[in-house]
Amino acid sequence: MSQEKVDRYKKEKANRKQIMRKQKMMSFVRKGILTLVALALIGWLGYSAYDMYESGKDRVVAEVNYDSISNYLNDLAAQSETEAE
């Protein structure tokens, strides 16, 4: 059993630089992903807060009078009926 431990230690010591490099890379990847998730969450919260703020404001309402357009379309329909007869 102790010879297995010695062999495992020698193998680990031979690959220690590669193992450390892989661990550092995985650490950077984790930090990068967590940063992106945090930024997305902060952006979503900011957008939601802004949307709620804007929805609470009074909106300007414009009224449009379509009477002249309706009259024009009715006149066209009446002219087409008289021409069809």
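Just so you know, residue 1 is the first one in the sequence shown, and it goes up from there.
Of the inter-residue distances, the one linking I19 atom CD1 with K17 atom NZ reads 13.0 Å to the nearest 0.5 angstrom. One distance of note links CG of N71 with CG of L76; it measures 11.0 Å at 0.5 Å rounding. Here the straight-line distance linking atom CD of E54 with atom CG of D51 works out to 8.0 Å at 0.5 Å rounding.
Residues Y47 and L45 are not in side-chain contact: their nearest non-hydrogen atoms beyond the backbone lie 4.5 Å or more apart. Looking at heavy atoms from C-beta onward, K24 lies out of side-chain contact with R21 at the 4.5 angstrom threshold. You'll find the side chain of M26 stays beyond 4.5 Å of the side chain of Q23, heavy atoms only. Looking at M25 and K22, their side chains never come closer than 4.5 Å, going by heavy atoms from C-beta outward.
Note on V64: it clusters hydrophobically with I69, by side-chain heavy-atom contacts below 4.5 Å among ILVMFWY residues.
No side-chain N or O of D75 forms a donor-acceptor pair with one of Q79 less than 3.5 Å apart.
In this structure a side-chain-to-backbone donor-acceptor pair under 3.5 Å is present from N74 to S70.
Residue R16 places its CZ atom among more than 12 non-hydrogen atoms of other residues, nucleotides or ligands, all under 6.0 Å distant.
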